[in-house]
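Take a look at the structure below.
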Protein chains: 2
Amino acid sequence: MSNPYQETWSRFSEFLSEKGLRMTDQRKSIVGALFSQDAHFTADDLLKDAQKLDETVSRATLYRSLPLLVESGIIRMVDVGQDNKFYALNSQSENFKAQVICSDCNRIEDIDAPFMEWYGKSVSEKLGLKVKDQRLQVQAECPDFRKSGKCSKES
Amino acid sequence: MSNPYQETWSRFSEFLSEKGLRMTDQRKSIVGALFSQDAHFTADDLLKDAQKLDETVSRATLYRSLPLLVESGIIRMVDVGQDNKFYALNSQSENFKAQVICSDCNRIEDIDAPFMEWYGKSVSEKLGLKVKDQRLQVQAECPDFRKSGKCSKES
DNA sequence: GTGCTTGCAAAGACTTTGCAAACTT
DNA sequence: AAGTTTGCAAAGTCTTTGCAAGCAC
(Lines give C-alpha, C1' and ligand atoms only; values in the text may rest on other atoms or scores of the structure.)
Protein backbone atom coordinates (compact mmCIF):
# COMPACT_ATOMS: atom_id res chain seq x y z
CA MET A 1 0.00 0.00 0.00
CA SER A 2 2.98 2.25 0.45
CA ASN A 3 4.10 1.34 -3.04
CA PRO A 4 2.94 4.11 -5.33
CA TYR A 5 2.10 1.71 -8.10
CA GLN A 6 0.00 -0.50 -5.84
CA GLU A 7 -1.70 2.52 -4.41
CA THR A 8 -2.50 3.96 -7.82
CA TRP A 9 -3.58 0.67 -9.20
CA SER A 10 -6.07 0.03 -6.43
CA ARG A 11 -7.33 3.55 -6.64
CA PHE A 12 -8.03 3.08 -10.31
CA SER A 13 -9.63 -0.30 -9.72
CA GLU A 14 -11.93 1.19 -7.20
CA PHE A 15 -12.84 4.05 -9.48
CA LEU A 16 -13.64 1.65 -12.29
CA SER A 17 -15.84 -0.66 -10.30
CA GLU A 18 -17.74 2.26 -8.84
CA LYS A 19 -18.66 3.15 -12.38
CA GLY A 20 -19.42 -0.41 -13.40
CA LEU A 21 -16.28 -0.57 -15.51
CA ARG A 22 -13.62 -3.25 -15.56
CA MET A 23 -9.95 -3.60 -14.89
CA THR A 24 -8.32 -5.13 -17.91
CA ASP A 25 -4.77 -6.14 -18.75
CA GLN A 26 -4.44 -3.17 -21.05
CA ARG A 27 -5.57 -0.73 -18.41
CA LYS A 28 -3.15 -2.28 -15.96
CA SER A 29 -0.30 -1.73 -18.37
CA ILE A 30 -1.30 1.84 -18.94
CA VAL A 31 -1.30 2.51 -15.22
CA GLY A 32 2.05 0.77 -14.97
CA ALA A 33 3.49 2.94 -17.70
CA LEU A 34 2.57 6.06 -15.78
CA PHE A 35 5.53 5.39 -13.53
CA SER A 36 8.13 5.46 -16.24
CA GLN A 37 7.03 8.87 -17.43
CA ASP A 38 8.76 12.16 -16.99
CA ALA A 39 6.92 14.78 -15.01
CA HIS A 40 5.03 15.75 -18.14
CA PHE A 41 4.20 13.35 -20.90
CA THR A 42 2.12 13.13 -24.04
CA ALA A 43 -0.46 10.54 -25.02
CA ASP A 44 2.13 9.10 -27.34
CA ASP A 45 4.81 8.83 -24.67
CA LEU A 46 2.45 6.90 -22.49
CA LEU A 47 1.34 4.64 -25.30
CA LYS A 48 4.90 3.67 -26.17
CA ASP A 49 5.70 2.72 -22.59
CA ALA A 50 2.44 0.89 -22.11
CA GLN A 51 3.23 -1.16 -25.19
CA LYS A 52 6.58 -2.11 -23.71
CA LEU A 53 4.65 -3.72 -20.87
CA ASP A 54 1.97 -5.20 -23.08
CA GLU A 55 2.23 -4.98 -26.80
CA THR A 56 -1.49 -5.49 -27.23
CA VAL A 57 -2.27 -2.01 -25.94
CA SER A 58 -3.59 -0.09 -28.89
CA ARG A 59 -3.71 3.59 -29.50
CA ALA A 60 -7.50 3.49 -29.33
CA THR A 61 -7.43 1.95 -25.89
CA LEU A 62 -4.91 4.46 -24.66
CA TYR A 63 -7.06 7.32 -25.82
CA ARG A 64 -10.09 5.72 -24.27
CA SER A 65 -8.27 5.39 -20.97
CA LEU A 66 -6.98 8.93 -20.67
CA PRO A 67 -10.34 10.49 -19.74
CA LEU A 68 -10.82 7.79 -17.13
CA LEU A 69 -7.44 8.49 -15.59
CA VAL A 70 -8.21 12.18 -15.51
CA GLU A 71 -11.67 11.68 -14.08
CA SER A 72 -10.34 9.42 -11.37
CA GLY A 73 -7.87 12.09 -10.39
CA ILE A 74 -4.80 9.97 -11.09
CA ILE A 75 -3.48 12.26 -13.78
CA ARG A 76 -4.31 15.73 -14.91
CA MET A 77 -4.08 17.56 -18.18
CA VAL A 78 -1.35 20.13 -18.39
CA ASP A 79 -1.97 22.37 -21.29
CA VAL A 80 0.91 24.65 -21.94
CA GLY A 81 -0.41 26.53 -24.90
CA GLN A 82 2.04 24.83 -27.20
CA ASP A 83 1.15 22.33 -29.82
CA ASN A 84 0.86 19.24 -27.73
CA LYS A 85 -1.29 18.28 -24.84
CA PHE A 86 0.64 17.05 -21.88
CA TYR A 87 -0.45 15.01 -18.92
CA ALA A 88 1.04 14.70 -15.47
CA LEU A 89 0.69 12.29 -12.62
CA ASN A 90 -1.11 13.90 -9.73
CA SER A 91 1.17 13.70 -6.79
CA GLN A 92 -0.04 13.19 -3.28
CA SER A 93 1.20 16.60 -2.33
CA GLU A 94 -1.60 18.99 -2.85
CA ASN A 95 0.60 22.01 -3.17
CA PHE A 96 -0.34 24.38 -5.89
CA LYS A 97 2.16 24.23 -8.69
CA ALA A 98 3.05 26.87 -11.16
CA GLN A 99 4.29 25.62 -14.50
CA VAL A 100 7.36 27.25 -15.86
CA ILE A 101 7.85 26.59 -19.53
CA CYS A 102 11.20 27.30 -21.12
CA SER A 103 10.48 29.20 -24.27
CA ASP A 104 13.52 27.76 -25.96
CA CYS A 105 13.36 24.06 -25.26
CA ASN A 106 9.75 23.74 -24.12
CA ARG A 107 10.84 21.90 -21.02
CA ILE A 108 8.27 22.23 -18.28
CA GLU A 109 9.12 22.57 -14.62
CA ASP A 110 6.70 22.68 -11.76
CA ILE A 111 7.39 25.01 -8.92
CA ASP A 112 5.49 25.38 -5.70
CA ALA A 113 3.41 28.49 -5.48
CA PRO A 114 1.03 28.01 -2.59
CA PHE A 115 0.39 31.69 -2.25
CA MET A 116 -0.94 31.82 -5.76
CA GLU A 117 -3.63 29.43 -4.90
CA TRP A 118 -4.88 31.54 -2.10
CA TYR A 119 -4.83 34.63 -4.24
CA GLY A 120 -6.64 33.14 -7.22
CA LYS A 121 -9.26 31.69 -4.98
CA SER A 122 -9.92 34.86 -3.09
CA VAL A 123 -10.20 36.93 -6.25
CA SER A 124 -12.53 34.45 -7.91
CA GLU A 125 -14.74 34.00 -4.93
CA LYS A 126 -15.20 37.70 -4.63
CA LEU A 127 -16.76 37.41 -8.08
CA GLY A 128 -19.08 34.66 -6.94
CA LEU A 129 -17.18 31.94 -8.72
CA LYS A 130 -16.52 28.56 -7.25
CA VAL A 131 -12.99 27.56 -8.08
CA LYS A 132 -12.43 24.03 -9.27
CA ASP A 133 -8.92 24.17 -10.57
CA GLN A 134 -6.30 26.74 -11.27
CA ARG A 135 -2.85 26.98 -12.71
CA LEU A 136 -0.24 29.58 -13.26
CA GLN A 137 1.81 29.29 -16.40
CA VAL A 138 4.99 31.21 -16.79
CA GLN A 139 6.87 31.33 -20.05
CA ALA A 140 10.48 32.05 -19.40
CA GLU A 141 13.98 31.60 -20.60
CA CYS A 142 15.86 29.16 -18.45
CA PRO A 143 19.29 29.90 -17.04
CA ASP A 144 21.08 27.67 -19.53
CA PHE A 145 19.55 29.55 -22.36
CA ARG A 146 20.45 32.90 -20.98
CA LYS A 147 24.08 31.99 -20.61
CA SER A 148 24.72 30.11 -23.79
CA GLY A 149 21.84 30.96 -26.07
CA LYS A 150 20.89 27.32 -26.02
CA CYS A 151 19.33 24.97 -23.54
CA SER A 152 21.65 22.29 -22.33
CA LYS A 153 18.73 19.96 -21.90
CA GLU A 154 17.21 20.65 -25.25
CA SER A 155 15.44 17.58 -26.51
CA MET B 1 -5.31 57.49 -35.51
CA SER B 2 -7.63 57.32 -32.54
CA ASN B 3 -9.74 54.81 -34.41
CA PRO B 4 -8.72 51.39 -33.16
CA TYR B 5 -9.11 49.83 -36.59
CA GLN B 6 -6.96 52.49 -38.26
CA GLU B 7 -4.42 52.18 -35.54
CA THR B 8 -4.25 48.41 -35.78
CA TRP B 9 -4.21 48.44 -39.52
CA SER B 10 -1.26 50.78 -39.73
CA ARG B 11 0.55 48.87 -37.05
CA PHE B 12 0.17 45.70 -39.07
CA SER B 13 1.19 47.43 -42.28
CA GLU B 14 4.31 48.69 -40.65
CA PHE B 15 5.12 45.27 -39.27
CA LEU B 16 4.69 43.71 -42.68
CA SER B 17 6.85 46.14 -44.56
CA GLU B 18 9.59 45.87 -42.00
CA LYS B 19 9.71 42.21 -42.82
CA GLY B 20 9.48 42.73 -46.56
CA LEU B 21 5.94 41.39 -46.60
CA ARG B 22 2.90 42.92 -48.23
CA MET B 23 -0.49 44.25 -47.24
CA THR B 24 -3.10 42.44 -49.26
CA ASP B 25 -6.88 42.69 -49.45
CA GLN B 26 -7.20 39.41 -47.63
CA ARG B 27 -4.97 40.53 -44.81
CA LYS B 28 -6.94 43.75 -44.54
CA SER B 29 -10.15 41.83 -44.18
CA ILE B 30 -8.68 39.61 -41.52
CA VAL B 31 -7.59 42.64 -39.53
CA GLY B 32 -11.04 44.15 -40.03
CA ALA B 33 -12.68 41.00 -38.75
CA LEU B 34 -10.71 41.21 -35.52
CA PHE B 35 -13.06 43.95 -34.42
CA SER B 36 -16.20 41.91 -34.66
CA GLN B 37 -14.81 39.21 -32.41
CA ASP B 38 -15.70 38.44 -28.85
CA ALA B 39 -12.96 38.76 -26.31
CA HIS B 40 -11.81 35.26 -27.19
CA PHE B 41 -12.18 33.74 -30.59
CA THR B 42 -11.05 30.75 -32.57
CA ALA B 43 -9.35 30.60 -35.95
CA ASP B 44 -12.67 29.56 -37.38
CA ASP B 45 -14.58 32.46 -35.84
CA LEU B 46 -12.15 34.86 -37.37
CA LEU B 47 -12.27 33.17 -40.75
CA LYS B 48 -16.05 33.37 -40.92
CA ASP B 49 -16.07 37.08 -40.18
CA ALA B 50 -13.20 37.80 -42.53
CA GLN B 51 -15.14 36.06 -45.26
CA LYS B 52 -18.11 38.29 -44.59
CA LEU B 53 -15.87 41.21 -45.48
CA ASP B 54 -14.18 39.49 -48.39
CA GLU B 55 -15.35 36.11 -49.53
CA THR B 56 -12.02 35.37 -51.18
CA VAL B 57 -10.31 34.91 -47.84
CA SER B 58 -9.43 31.25 -47.64
CA ARG B 59 -8.75 29.09 -44.67
CA ALA B 60 -5.15 28.70 -45.75
CA THR B 61 -4.62 32.44 -45.79
CA LEU B 62 -6.22 32.83 -42.40
CA TYR B 63 -3.91 30.24 -40.92
CA ARG B 64 -0.96 31.86 -42.60
CA SER B 65 -1.91 35.22 -41.13
CA LEU B 66 -2.37 34.15 -37.53
CA PRO B 67 1.34 33.78 -36.77
CA LEU B 68 1.96 37.18 -38.29
CA LEU B 69 -0.70 38.78 -36.13
CA VAL B 70 0.75 37.14 -33.06
CA GLU B 71 4.29 38.09 -33.94
CA SER B 72 3.29 41.67 -34.53
CA GLY B 73 1.73 41.76 -31.10
CA ILE B 74 -1.76 42.53 -32.35
CA ILE B 75 -3.28 39.36 -31.00
CA ARG B 76 -2.11 36.72 -28.60
CA MET B 77 -2.82 33.06 -28.15
CA VAL B 78 -4.98 32.18 -25.23
CA ASP B 79 -4.75 28.52 -24.54
CA VAL B 80 -7.25 27.38 -22.01
CA GLY B 81 -6.42 23.73 -21.88
CA GLN B 82 -9.64 22.82 -23.61
CA ASP B 83 -9.92 21.47 -27.08
CA ASN B 84 -9.64 24.61 -29.07
CA LYS B 85 -7.05 27.26 -29.35
CA PHE B 86 -8.34 30.72 -28.73
CA TYR B 87 -6.94 34.07 -29.68
CA ALA B 88 -7.52 37.51 -28.22
CA LEU B 89 -6.90 41.03 -29.34
CA ASN B 90 -4.15 42.60 -27.31
CA SER B 91 -5.58 45.63 -25.68
CA GLN B 92 -3.60 48.73 -24.97
CA SER B 93 -4.00 48.15 -21.26
CA GLU B 94 -1.11 46.11 -20.12
CA ASN B 95 -2.77 44.84 -16.99
CA PHE B 96 -2.18 41.26 -16.20
CA LYS B 97 -5.31 39.23 -16.76
CA ALA B 98 -6.33 36.02 -15.18
CA GLN B 99 -8.56 33.82 -17.30
CA VAL B 100 -11.57 32.39 -15.61
CA ILE B 101 -13.08 29.53 -17.53
CA CYS B 102 -16.55 28.33 -16.68
CA SER B 103 -16.35 24.58 -16.45
CA ASP B 104 -19.91 24.22 -17.62
CA CYS B 105 -20.21 26.47 -20.62
CA ASN B 106 -16.52 27.07 -21.38
CA ARG B 107 -17.08 30.78 -21.47
CA ILE B 108 -13.88 32.66 -20.75
CA GLU B 109 -13.72 35.84 -18.74
CA ASP B 110 -10.68 37.95 -18.13
CA ILE B 111 -10.22 39.51 -14.76
CA ASP B 112 -7.52 41.87 -13.68
CA ALA B 113 -4.95 40.38 -11.41
CA PRO B 114 -2.04 42.77 -11.32
CA PHE B 115 -0.72 41.35 -8.12
CA MET B 116 -0.33 37.97 -9.73
CA GLU B 117 2.07 39.36 -12.19
CA TRP B 118 4.31 40.67 -9.54
CA TYR B 119 4.22 37.43 -7.65
CA GLY B 120 4.91 35.16 -10.60
CA LYS B 121 7.77 37.32 -11.65
CA SER B 122 9.38 37.48 -8.27
CA VAL B 123 9.18 33.73 -7.78
CA SER B 124 10.58 32.99 -11.21
CA GLU B 125 13.39 35.45 -10.99
CA LYS B 126 14.49 33.97 -7.74
CA LEU B 127 15.02 30.81 -9.75
CA GLY B 128 17.09 32.67 -12.32
CA LEU B 129 14.39 32.61 -14.95
CA LYS B 130 13.60 35.52 -17.19
CA VAL B 131 9.86 35.80 -17.51
CA LYS B 132 8.46 36.42 -20.94
CA ASP B 133 4.79 35.77 -20.43
CA GLN B 134 2.54 34.44 -17.77
CA ARG B 135 -1.07 33.60 -17.23
CA LEU B 136 -3.28 32.42 -14.47
CA GLN B 137 -6.08 30.11 -15.44
CA VAL B 138 -8.91 29.43 -13.10
CA GLN B 139 -11.51 26.79 -13.83
CA ALA B 140 -14.67 27.63 -11.98
CA GLU B 141 -18.40 27.32 -11.98
CA CYS B 142 -20.01 30.60 -12.83
CA PRO B 143 -22.81 32.09 -10.75
CA ASP B 144 -25.52 31.15 -13.23
CA PHE B 145 -24.47 27.58 -13.04
CA ARG B 146 -24.43 27.46 -9.31
CA LYS B 147 -27.95 28.77 -9.05
CA SER B 148 -29.67 26.87 -11.80
CA GLY B 149 -27.35 24.01 -12.63
CA LYS B 150 -27.03 25.49 -16.09
CA CYS B 151 -25.30 28.46 -17.60
CA SER B 152 -27.65 31.08 -18.90
CA LYS B 153 -25.16 32.02 -21.54
CA GLU B 154 -24.44 28.51 -22.63
CA SER B 155 -23.59 28.46 -26.32
C1' DG C 1 9.54 42.31 -63.56
C1' DT C 2 10.56 40.15 -58.97
C1' DG C 3 9.14 37.47 -55.59
C1' DC C 4 5.58 37.51 -52.03
C1' DT C 5 0.57 35.73 -51.75
C1' DT C 6 -3.23 33.37 -52.92
C1' DG C 7 -6.72 29.36 -53.25
C1' DC C 8 -7.04 24.79 -53.90
C1' DA C 9 -6.56 20.31 -52.68
C1' DA C 10 -3.76 17.05 -50.57
C1' DA C 11 -1.27 15.87 -46.66
C1' DG C 12 -0.30 15.90 -41.65
C1' DA C 13 -0.81 15.35 -36.79
C1' DC C 14 -3.60 13.94 -33.32
C1' DT C 15 -7.90 12.06 -31.58
C1' DT C 16 -12.37 9.74 -31.91
C1' DT C 17 -15.60 6.14 -33.33
C1' DG C 18 -18.23 1.94 -35.52
C1' DC C 19 -17.97 -2.79 -35.52
C1' DA C 20 -17.47 -7.63 -34.57
C1' DA C 21 -14.69 -10.54 -31.69
C1' DA C 22 -12.89 -11.21 -27.01
C1' DC C 23 -12.88 -10.73 -22.32
C1' DT C 24 -14.41 -9.47 -17.26
C1' DT C 25 -17.59 -10.22 -13.85
C1' DA D 1 -24.87 -15.10 -19.99
C1' DA D 2 -24.69 -10.00 -20.01
C1' DG D 3 -22.52 -6.22 -21.00
C1' DT D 4 -17.96 -3.95 -21.13
C1' DT D 5 -13.58 -3.65 -23.74
C1' DT D 6 -10.63 -4.52 -27.38
C1' DG D 7 -8.04 -3.76 -32.00
C1' DC D 8 -8.59 -2.38 -36.38
C1' DA D 9 -9.41 0.74 -39.77
C1' DA D 10 -12.00 4.51 -41.12
C1' DA D 11 -13.47 8.97 -40.12
C1' DG D 12 -12.98 13.50 -37.81
C1' DT D 13 -10.99 17.86 -36.56
C1' DC D 14 -7.86 21.30 -36.91
C1' DT D 15 -3.73 22.96 -39.11
C1' DT D 16 -0.03 22.96 -42.55
C1' DT D 17 2.00 22.71 -47.16
C1' DG D 18 3.10 22.14 -52.41
C1' DC D 19 1.89 24.20 -56.49
C1' DA D 20 0.81 27.18 -60.29
C1' DA D 21 -1.59 31.45 -61.05
C1' DG D 22 -2.08 36.18 -59.39
C1' DC D 23 -0.90 40.42 -57.21
C1' DA D 24 1.91 44.11 -54.51
C1' DC D 25 5.68 46.75 -54.86
Side-chain angles (χ1 to χ4, degrees), chain A residues 9-10 12-33 40-48 50-72 75 77-87 106 155, chain B residues 9-10 12-33 40-48 50-72 75 77-87 106 155:
Chain A
W9 186 83
S10 62
F12 194 42
S13 265
E14 213 167 295
F15 169 83
L16 289 174
S17 67
E18 271 170 16
K19 304 204 57 152
L21 304 178
R22 293 160 188 180
M23 178 55 93
T24 64
D25 287 346
Q26 289 85 351
R27 284 175 180 164
K28 280 179 203 166
S29 301
I30 290 170
V31 170
H40 301 90
F41 53 89
T42 62
D44 203 56
D45 292 334
L46 188 58
L47 175 63
K48 286 209 176 71
Q51 288 176 333
K52 282 181 198 159
L53 299 177
D54 177 351
E55 59 183 18
T56 76
V57 177
S58 73
R59 190 170 291 278
T61 297
L62 189 277
Y63 275 109
R64 282 187 275 232
S65 299
L66 283 174
L68 298 173
L69 288 165
V70 171
E71 196 187 340
S72 67
I75 64 173
M77 281 199 43
V78 178
D79 205 308
V80 293
Q82 317 285 100
D83 314 303
N84 286 342
K85 278 185 186 167
F86 287 84
Y87 295 85
N106 279 356
S155 51
Chain B
W9 185 83
S10 60
F12 194 42
S13 265
E14 213 165 295
F15 168 83
L16 289 174
S17 67
E18 271 169 18
K19 305 205 56 154
L21 305 178
R22 292 158 189 180
M23 179 54 93
T24 63
D25 287 346
Q26 289 84 353
R27 285 174 180 166
K28 280 180 203 165
S29 300
I30 291 170
V31 170
H40 301 91
F41 53 90
T42 61
D44 203 58
D45 293 334
L46 188 58
L47 175 63
K48 286 209 176 70
Q51 288 177 332
K52 282 180 198 160
L53 300 176
D54 177 351
E55 60 183 17
T56 77
V57 177
S58 73
R59 192 169 290 277
T61 297
L62 188 279
Y63 275 109
R64 283 188 274 232
S65 299
L66 283 174
L68 297 173
L69 288 165
V70 170
E71 197 188 338
S72 67
I75 65 174
M77 281 200 43
V78 178
D79 205 308
V80 293
Q82 316 285 98
D83 313 302
N84 286 340
K85 278 185 186 167
F86 286 84
Y87 294 86
N106 278 356
S155 52

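This is a predicted model, so every value here is computed, not measured.
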Separation of [N] [atom2] from [X] [atom1] (nearest whole Å):
X	N	atom1	atom2	value
A/Asp44	C/dG12	CG	P	17 Å
A/Gln26	D/dT5	CD	P	11 Å
A/Gln51	D/dC8	CD	P	9 Å
B/Glu18	C/dC4	CD	C1'	17 Å
B/Leu47	D/dT13	CG	C1'	15 Å
A/Arg59	C/dA13	CZ	C1'	10 Å
B/Met77	D/dC14	CE	C1'	13 Å
A/Lys19	D/dT4	NZ	C1'	14 Å

What I'd like to find out is whether the side chain of B/Ile75 reaches to under 4.5 Å of the side chain of B/Leu66, using heavy atoms alone. yes
Checking B/Glu14 now: which residues fulfil salt bridge (Lys or Arg N to Asp or Glu O under 4.0 Å) with it, not counting sequence neighbours? none
Nearest heavy atoms of A/Ala50 and A/Ala33, plus distance in Å: N-CB, 3.5 Å
Shortest non-hydrogen contact from A/Asp44 to A/Lys48? OD2-NZ, 2.6 Å
Distance check: side-chain N/O of B/Arg27 vs OP1/OP2 of C/dT5, anything under 4.0 Å? yes
Check the pair B/Phe12 / B/Phe15 against side-chain contact (heavy atoms from CB on, under 4.5 Å), numbers first and verdict last. CA-CA 5 Å; B/Phe12 194 42; B/Phe15 168 83; 4.1 Å; yes
Distance in Å, B/His40 NE2 paired with B/Tyr87 OH, rounded so as to fall on 0.5 Å steps: 13.0 Å
Residue from B/Leu62, B/Val57, B/Leu16, B/Asp54 passing side chain to side chain contact (heavy atoms under 4.5 Å, CB included) with B/Arg27: B/Leu16
On DNA chain D, check which nucleotide each of B/Pro67 and A/Glu55 is closest to and give me the residue with the more 5' one. A/Glu55
By the 4.0 Å heavy-atom rule, please label B/Arg64 as base, sugar-phosphate, or nothing. base
Just the atom pairs and distances: protein N or O near nucleotides 21-25 of chain C's N or O, under 3.5 Å.
residue: C/dT24; atom: O2; partner: A/Arg22; partner atom: NH1; Å: 2.8

